[in-house]
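One structure is given below, encoded as structure tokens.
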Amino acid sequence: MAQPIMGKRVRTLRREHDKSQAMLAAECGVHFMTIWRLEKGLAPYVNTALLEKLCEIFDVSADYLLGRSNRRREFDPEEAEELMTTPHL
């Protein structure tokens, strides 16, 4: 079964992007009930094509969606800029 954390993160990201479940489903090429089940933690699995599409739409890493990381992106340009401008000893 899909991880509950993934469903929570998809729901949060969907709302941040002001999308309905139907809108997101259409962008992903799946039935809206797939998104509903995913958000409720009832999806038995998430195929890689859907995972990749969600990552692309929300500009997040798969590790973030799967709950393996709390960083939305593996490489964050803002974080890199901060590291480059912060003086190091």
Side-chain angles (χ1 to χ4, degrees):
M1 191 147 304
Q3 296 287 331
I5 187 78
M6 183 176 181
K8 290 176 184 176
R9 289 186 172 178
V10 168
R11 182 177 55 242
T12 298
L13 290 163
R14 178 179 60 78
R15 289 177 175 169
E16 286 176 6
H17 285 79
D18 199 29
K19 295 180 186 290
S20 68
Q21 289 177 337
M23 290 168 60
L24 180 58
E27 279 187 71
C28 292
V30 298
H31 193 275
F32 83 93
M33 287 299 293
T34 301
I35 302 299
W36 182 86
R37 284 186 194 101
L38 176 62
E39 290 185 3
K40 295 289 184 185
L42 301 174
Y45 66 91
V46 176
N47 68 42
T48 55
L50 177 56
L51 180 61
E52 288 175 2
K53 191 68 178 171
L54 290 169
C55 291
E56 179 184 314
I57 290 168
F58 296 130
D59 190 27
V60 296
S61 70
D63 283 340
Y64 176 76
L65 282 182
L66 294 170
R68 295 178 182 165
S69 172
N70 288 325
R71 295 176 63 184
R72 288 189 175 198
R73 289 181 261 165
E74 291 302 313
F75 175 76
D76 188 341
E78 292 175 12
E79 187 176 305
E81 179 69 27
E82 183 179 316
L83 287 173
M84 292 176 68
T85 58
T86 303
H88 298 282
L89 298 176

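We use all heavy atoms of the structure for the numbers below, so side chains are in, but hydrogens, waters and symmetry mates are not.
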**Message:** How close do Cys55 and Ser61 get, counting heavy atoms only, and between which atoms?
**Reply:** SG-C, 3.7 Å
**Request:** Indicate yes or no: at least one non-hydrogen side-chain atom of Arg14 is less than 4.5 angstrom from one of Phe58.
**Result:** yes
**Asked** Considering residues at least two apart in sequence or located in another chain, which fulfil the side-chain contact (heavy atoms from CB on, under 4.5 Å) criterion with Glu27?
**Response** Lys19, Ile57
**Prompt:** Just one of Val10, Leu38, Thr34, Ile35 clears the side-chain contact (heavy atoms from CB on, under 4.5 Å) bar with Gln21, so which one?
**Reply:** Ile35
**Asked** Closest approach of Leu13 and Tyr64, non-hydrogen atoms and distance?
**Response** CD1-CE2, 4.1 Å
**Request:** Calculate, to the nearest 0.5 Å, the distance between atoms CG and NZ belonging to Leu24 and Lys53 respectively.
**Result:** 10.0 Å
**Asked** Tell me, do Met6 and Leu51 make a side-chain contact under 4.5 Å, heavy atoms counted?
**Response** yes
**Prompt:** Is there side-chain contact between Val60 and Leu54, with at least one heavy-atom pair below 4.5 Å?
**Reply:** no
**Message:** Within the structure provided, determine whether Arg68 and Ile5 are in side-chain contact (heavy-atom separation under 4.5 Å).
**Reply:** no
**Item:** Spatial distance of atom CG (Leu65) from atom CZ (Arg72) [nearest 0.5 Å]
**Value:** 9.5 Å
**Request:** Write down the atom of Phe32, the atom of Ala22, and the distance for their closest heavy-atom approach.
**Result:** CB-CA, 3.9 Å
**Message:** Please find the pair of heavy atoms, one from Gly67 and one from Arg9, that lie closest to each other, and give the distance.
**Reply:** CA-NH1, 3.6 Å
**Request:** Using side-chain contact (heavy atoms from CB on, under 4.5 Å) as the criterion, list what pairs up with Arg37, not counting sequence neighbours.
**Result:** Met33, Leu42, Ala43
**Asked** Do Glu56 and Glu52 touch side chain to side chain, with heavy atoms closer than 4.5 Å?
**Response** no
